[in-house]
Amino acid sequence: MDPSRDAHWQEAWAGAGLSRGRRVPGHRKFYALVAYPGPSGFLHVGHLRGYAYADPLHRYHRMRGEEVLFPFGVHASGLPAVTWSRKLQNGDPSILEALSERGIDAAARARLEDPEEAARFLGREYLRVFRRFGALIDESTFLTTVDEDYRAFIRWQFHTLHAAGALVRASYFSSVCPVCGPVAVDPSETDLQSGGDAEIVKFTTVPFRLDDGRILLAATLRPETVFGVTNVWVAPDEMLVVWHHDSGAYLMARPGAERMVEQHGGHLGHEVPVASLRGRQVHVPLRDTRVPILESAVVDPGIGTGIVMSVPAHAPADFAAIGALSGAERARLGAPPVLLEIDANEALSSSEEALRAGEGLPAERALRAVGATSLAEGDAVQEATERLYRLEFVRGRMTVPALKGVPVRRAREQVASQLLPLGGSFELQEFTKPVICRNGHTVVIRRVPEQWFLHYSDPDWKAETKELASRITTWPSEYGRELPSILDWFGDRPSTRRGAWLGTRFPLDPEWIIEPIADSTFYMAYFVVRRFVRDGRLKVDDLSDAFFDFVFRGQGSGDPAVDRGVQEEVREEFRYWYPLDFNIGGKEHKRVHFPVFLYTHVRLVPPELQPRGIFVHGWITGPAGAKISKKEVSSKGGKIPSTDRAMEEWGPDPIRLYFLLAASPSQDFQFEATHVDAARSRLGDIERLVREAIGDAAGPPELDAWLESATHDWVRRAHAAFEATDLRRAAEIVYVEVPALLRRYYTRGGSPGRATDRLVRAWNLFLSPITPHLAEEVGVGRFSSLVARALLPAADTFASSPAAEARESYLDQVEEDLRAVQRASEGRGEGSAGELIFYVADPWKATLESWLRDEVDRKEPPSVRDIMTRVKDHPELVAHRGEIPKYVERVGASLRSEPPREGPEIDEVATLRAAEGYLVRRFGFRSVTVHRESEAAEHDPKGRRDRARPGRPAFYLVGRPAPGA
RNA sequence: GCCGGGGUAGCCGAGCGGCCAAAGGCGGCAGACUCAAGAUCUGCUCUCGCAGGAGUACCCAGGUUCAAAUCCUGGCCCCGGCACCA
């Protein structure tokens, strides 16, 4: 079809007001949306996937006569728009290019340096793209989460949640740039220059007291190994610093001390050179013993506190460091104690076994396993450390008297809690690698006191949410099974933060801004109200708590200052569209957005208004399943085209069809331009088939009956697939099966006429949900108004004829057999056959096979003996008793793996005779003749007629010599 | 580590106990059409074949079953999430 026509139909839909959701009392409704996107930049085709499912669902329901609502907004909260604006401000070339392509002049561009403006701009841009994609979005709902009316809504939501006891306060660790404010540390590096893949490690600090009362504060990941400490390491020639906290004074390296201040307060004091500690001893906590302070390069002063407790038996690095000491020093330390053992009953993997080979301390053996001998082999020592730690953590049990038999993972917690009352034991968090913010500052982890949390760990709230999760429909259903464990794992979440973020000020404390995940959990309800604001029937000032209490919860009588009638109308509107039928989103929402969406609805509305469904789709990936990178989306060489480029290249319908057919919605798949080409050419075929099928002449009655019946069947199945939101199945039926059916009808000798016309009318309508532009284009002249608002036919519009369908599948089977034989004879170079003679099985064989089938159903092996006993009493079969044993042998075994024959009996002879002309044409035979087995003796030179089975006629291909032979 | 998802023909991907040598597409081969190329259409695309069949196959190794790509056990490998990132 002509791609320039796409816009024509989009305007026609808009002109007809199709996208506008209307409340029609008494009509069924369908309300679904795609989880709104953040304004992080321009879109590529991958972003359209959710809409490729959402729009067909809406269109399907519209064509069932339901009222539908498909809203859209932009989740401007948080950093994405801020980051985008900053990039624009810094002259990011790809943004500048995209803007100039869209005709944005310098003045308009300058306005976009304001993040809120940028969010609105990108939102309108997304709307334009979705319109171009053919999605019928109700644009009167369009909002961003930084609009004042939305903020009023969010303030109400938080007042209400607070009143319901859903908010609590506690301290919290947050990644923050000391200059720019909070940042998200994640691999996408939206907020960062580098270090997005850093992980957070949590050290426990352990105090080692000097005789003078000062404390060396070591940091460890394995507090339980305090029982194996032989000495304390410090970095040679370093400077330590005193950290004052409460009444304590702790010595440690400066970087760690600074982290301690961030995370636990206090302040730093004077410096102390390591050299001044030389030769001194410290007391080991939880043990009545003293160990020496030693210097070693094993210590990196940047990690932890720069003070390391040495556990040579279990830490390969410590063992290696001891090896570098002088003999005298080593002698002073004595034999390092072994603290734990690996359960001998545990089955170990071969790599784990390797760690334990040979003699010596565990650390010694681990070093041997990786082939390291000295501290200089850093990577190998590191590997030994990681492998040994993992093994001991997962499989080890303590052997020290105080903790005998306790699994290491439990001992770790126990020791940590024993250390706590001693003072000086803190949690110290740090990144595994430097994290640098967008503006070049080093990101730190800071403790935020009095952070507001949403109290998702509340057992009652959680239980109610799990109950809701068990009621909703999920696609795929696996997600429904995952949800309970996700909800179990779900803990309290910070709901506010400070910094340069977009969002709504927290009404209970305007110092804080509501956190982006928390302000996007109930917005489905607000879309309904938004339309009234947009139409000017409500003003921002009208959106008071009293108003929302009434509209969403039916509490009170609304805001006295607002027109009563309008409030009641909004309430009605909300009651009409709610509950939400589907929340559609990518799999990234599985553990964050969808759970909080359920949680919030549980708190705010009664069960009958709580969500009905969640639809999760996978991602479009780059090669090898990797996440799409920036390079791949880049305008030139990128494999993933921008939305506009894709629309120009293919138009919306091929992409929509490609998305539906390429993979199951829940799976990730790689974008392949050649596959979109294929979808486009498939649509070309379909267009031709639809256009050619017009006519009103009757075809062969049996063929027409079959086509009619097959149509009954696919229409029924297509409805079932859409109703079950099995969109891929629906697409398969409409775009693969139906064209194949029509082609088969022609091959079988049908031609365009009344029968194809009827089929194609239904087909044309079914093309509309997924490829709406094509459906309109080919529907011109066939339908008086837009296809998009016509009603889909019911299956019963078409007469079902099991007999006609049985005849066709019989013929299918016959053709399959013929082809198998032809293949074999062609392999011998015999060329194609000239004559075809059929022998149709005698009726007694059907009786016999039904007996065999009985035995199979009873799970008995077919037995000649049993059959022969039954034959005795059966006059019809007695006559054939000579042939029966052979037949049972031949057919009995294969019957087991054949499906039972279903459907009505057919007249094989008549069916084959009716198909004579077809078979001649199809296979190029000179002639086709059909005999009953019992009457075929003189026409069966090769004795093939015995092979005939009910439903599988025997045949003889009278060979014709190959040309030239 | 924990929690998910996966490993299917040259490639992308359906299937998830018997109708499976495995949908659909891409790529490849052959034929039709064309002066030719492209586009389009038709057929083929694991191996063998003594006529509708046999053999080998769905990561590997075992097991359950009359029957396994599909169920179970154990390996190996890949991908994602792990907390504020929507």
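Residue numbers start from 1 in every chain, and the chains themselves are labelled A, B, ... in the order their sequence lines are given, proteins ahead of strands.
Residue contacts for A:Pro494: at a heavy-atom cut-off of 4.0 Å it reaches a base atom on one of the strands shown. Note on A:Asp685: only backbone sugar-phosphate atoms sit closer than 4.0 angstrom, heavy atoms only; bases stay farther off. In this structure, A:Ser664 reaches the sugar-phosphate backbone alone: every heavy-atom distance under 4.0 Å involves primed, P, OP1 or OP2 atoms, never a base. Backbone-only engagement by A:Gln667 is indicated by non-hydrogen atom pairs under 4.0 Å involving sugar-phosphate atoms exclusively.
Rounded to an integer number of Å, the gap from CD of A:Glu672 to C1' of B:G10 is 14 Å.
Side-chain polar atoms of A:Asp677 and A:Trp650 form a donor-acceptor pair below 3.5 angstrom. A donor-acceptor contact closer than 3.5 angstrom is absent between the side chains of A:Ser666 and A:Tyr479.
Applying the 4.0 Å criterion to OP1 and OP2 of B:A86, one finds that A:Arg493 has every side-chain N and O outside that range. Using a 4.0 Å cut-off, some side-chain N or O of A:Arg497 falls inside it from OP1 or OP2 of B:C85. A close approach under 4.0 Å does not occur between any side-chain nitrogen or oxygen of A:Arg728 and OP1 or OP2 of B:A23.
Evaluation of atom-type donor-acceptor distances gives no pair under 3.5 Å for the side chain of A:Arg952 against the base of B:G52. One cannot find a donor-acceptor pair under 3.5 Å joining the base of B:A14 and the side-chain atoms of A:Arg729. Side-chain atoms of A:Arg944 and base atoms of B:A51 include a donor and an acceptor less than 3.5 Å apart.
When distances run from any side-chain atom of A:Phe955 to the nucleotides B:A51, B:G25, B:A86, the shortest one goes to B:A51.
Pair assignment for B:U40: B:A32, on the basis of Watson-Crick or G-U wobble contacts that are both within less than 3.5 Å.
Judged by ring centres under 5.5 Å apart and planes tilted less than 30 degrees, A:Tyr735 fails to stack against the six-membered base ring of B:G24.
Contacts classified as salt bridge (charged side-chain N to carboxylate O under 4.0 Å, His left out) and involving residues 729-743 of chain A (residues at least two apart or in different chains) are given here: A:Asp685-A:Arg743, A:Arg717-A:Glu737, A:Arg728-A:Glu732, A:Arg729-A:Glu732, A:Arg729-A:Glu737.
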